[in-house]
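All figures in this text were calculated on a predicted structure; none of them were measured in a lab. The chains referred to below are lettered A, B, ... by the order of the sequence lines, with proteins before strands, and numbering in each begins at 1. Any value given below was found using the heavy atoms of this structure, including those in side chains, with hydrogens, waters and symmetry copies removed.
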Number of protein chains: 2
Amino acid sequence: MSNPLPLLDVNATPCCAPLTRSPIGETDAERVAAMFKALGDPVRLRLFSNIASAEGGEACVCDIQDVGVSQPTVSHHLKKLREVGLLESERRGSWVYYRVDPGVLAVMAGLLAPVGT
Amino acid sequence: MSNPLPLLDVNATPCCAPLTRSPIGETDAERVAAMFKALGDPVRLRLFSNIASAEGGEACVCDIQDVGVSQPTVSHHLKKLREVGLLESERRGSWVYYRVDPGVLAVMAGLLAPVGT
DNA sequence: TGTCGACATCGACAACCATCGAAACAGCGT
DNA sequence: ACGCTGTTTCGATGGTTGTCGATGTCGACA
């Protein structure tokens, strides 16, 4: 189950220079935009932050369901975050744990590095 | 014309700890998600990168129009980036120049800072 | 004043997306 | 084997969004 659709393989491509350094290419823009879009929903952003800030960097779905939408909707959003490569999931017993991919986080932060950096 | 709808005033609020530090609040999530969403479209991402990487950190619309969509569509996307606080615009003579707000860039990069940072 | 070029706005349309309830699926305990 | 709980998938629906052509606005220049 973990990482079923790695749309963006961070290891394959260090991905790109900061957006402020050189114009991003058409195909890179496609992939990077998908990641930003995934974080562009309030519910997904909260889910992501809940997981990222949890102890050990991972959390069970049952621990983060309280974001004001139905449980199927939570699952739907987690799937999107997974498809885009921001999260990985693993089943342990009854529960499914979600974890943040630290590499992909660094890539996105690097893209947004201010000019002088 | 410049900055007509500052949905997110960076100076007003240092905005929030990294997503990996503590769960983001509901209202903060709303505003931050709007910024990520703005970068979540390939055309907007390329426009933004074109401007951010231009000399002097600013560019005239006529210099960045070549992203494969019509001129009204370009204008539409630039407006969205402006509304969300990522860009500022200024008319000089016949041309309108767009510029990246460096502060807001730093905020977003800070939000994505990996765990250990 | 009239025209031209650079951008912005408007109105419309198709595609996409967030959300839900219902149903299916997967382990665990008894 | 059975039911229970946690999680995902499905189908439908209402709202959002990316895109376009047509039109409007503003400044420059004769």
Chemist: To the nearest Å, give me how far apart CH2 (B:Trp95) and C1' (D:dC26) are.
Modeler: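 Atom-to-atom, B:Trp95 to D:dC26, this comes out as 14 Å.
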
Chemist: Would you mind telling me which of D:dT8, D:dG21, C:dC7 lies closest to the side-chain atoms of B:Pro72?
Modeler: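 Per side-chain heavy atoms of B:Pro72, the pick is D:dG21.
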
Chemist: Compare every heavy atom of A:Leu86 with every heavy atom of A:Met35, then report the nearest pair and how far apart it is.
Modeler: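 Scanning both residues, the minimum pair turns out to be O-CD1, 4.1 Å.
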
Chemist: A:Tyr98 has an atom OH; how far is it from atom P of D:dG6, in whole Å?
Modeler: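 Rounded to whole Å, this separation is 16 Å.
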
Chemist: Within the structure shown, what part of the strands sits under 4.0 Å from B:Ser94 by heavy-atom distance: base, sugar-phosphate, or nothing?
Modeler: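 B:Ser94: backbone/sugar contact only, no base atoms under 4.0 Å.
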
Chemist: In whole Å, I'd like the distance from the CD atom of A:Gln65 to the P atom of D:dT5.
Modeler: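 That distance rounds to 14 Å.
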
Chemist: Any chance you could lay out the side-chain contact (heavy atoms from CB on, under 4.5 Å) test for B:Thr20 and A:Val100, step after step, and finish with the verdict?
Modeler: CA-CA 9 Å; B:Thr20 53; A:Val100 173; 5.6 Å; no

Chemist: Given side-chain contact (heavy atoms from CB on, under 4.5 Å), test A:Lys80 with A:Val84 step by step and report yes or no.
Modeler: CA-CA 6 Å; A:Lys80 286 218 156 184; A:Val84 112; over 6 Å; no

Chemist: Could you go over nucleotides 16-18 of chain D and give all protein N or O partners under 3.5 Å, atom names and distances?
Modeler:
unit_1: D:dT17; atom_1: OP1; unit_2: B:Lys37; atom_2: NZ; d: 3.1
unit_1: D:dG18; atom_1: OP1; unit_2: B:Arg44; atom_2: NH2; d: 3.0
unit_1: D:dG18; atom_1: OP2; unit_2: B:Arg44; atom_2: NH1; d: 3.1
unit_1: D:dG18; atom_1: OP2; unit_2: B:Lys80; atom_2: NZ; d: 3.4

Chemist: Hey, any chance B:Ile64 and B:Tyr97 share a hydrophobic cluster, counting ILVMFWY side chains that come within less than 4.5 Å of each other, even indirectly?
Modeler: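 The answer is no; the residues belong to distinct hydrophobic clusters.
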
Chemist: Taking it one step at a time, do A:Leu112 and A:Phe36 satisfy side-chain contact (heavy atoms from CB on, under 4.5 Å)?
Modeler: CA-CA 11 Å; A:Leu112 293 174; A:Phe36 281 120; 4.0 Å; yes

Chemist: Please state how far atom CZ in A:Arg92 lies from atom P in D:dT5, giving the value in whole angstrom units.
Modeler: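 From A:Arg92 CZ to D:dT5 P: 23 Å.
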
Chemist: Which nucleotide, D:dC26, D:dT9, D:dT7, lies nearest any side-chain atom of A:Lys79?
Modeler: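 My answer, after comparing the listed nucleotides, is D:dT9.
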
Chemist: I need the CG-P distance between B:Leu78 and D:dT19, as an integer number of Å.
Modeler: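 Spelled out: CG on B:Leu78 to P on D:dT19 is 12 Å.
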
Chemist: Side-chain N or O of B:Gln71 versus OP1/OP2 of D:dT19: is the shortest distance under 4.0 Å?
Modeler: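 Looking at the OP1 and OP2 atoms of D:dT19, neither is under 4.0 Å from any side-chain N or O of B:Gln71.
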
Chemist: Within the structure, does a side-chain N or O atom of B:Ser70 lie under 4.0 Å from either OP1 or OP2 of D:dC20?
Modeler: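 Yes, such a contact exists.
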
Chemist: Does D:dT7 have OP1 or OP2 sitting under 4.0 Å from an N or O in the side chain of A:Tyr97?
Modeler: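 No, no such contact exists.
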
Chemist: Same cluster or not: are B:Val69 and A:Val32 linked, directly or through other Ile, Leu, Val, Met, Phe, Trp or Tyr residues, by side-chain heavy atoms under 4.5 angstrom apart?
Modeler: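 Yes, because B:Val69 and A:Val32 connect within a single hydrophobic cluster, where side-chain heavy atoms sit under 4.5 Å apart.
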
Chemist: Grab the two heavy atoms, one from A:Pro114 and one from B:Leu105, that are nearest each other, plus how far apart they are.
Modeler: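 Heavy atoms of A:Pro114 and B:Leu105 come nearest at CA-CD1, 4.3 Å.
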
Chemist: Could you tell me the separation between the CD1 atom of B:Ile64 and the P atom of C:dC7, rounded to a whole number of Å?
Modeler: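 Interatomic distance, CD1 of B:Ile64 to P of C:dC7: 9 Å.
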
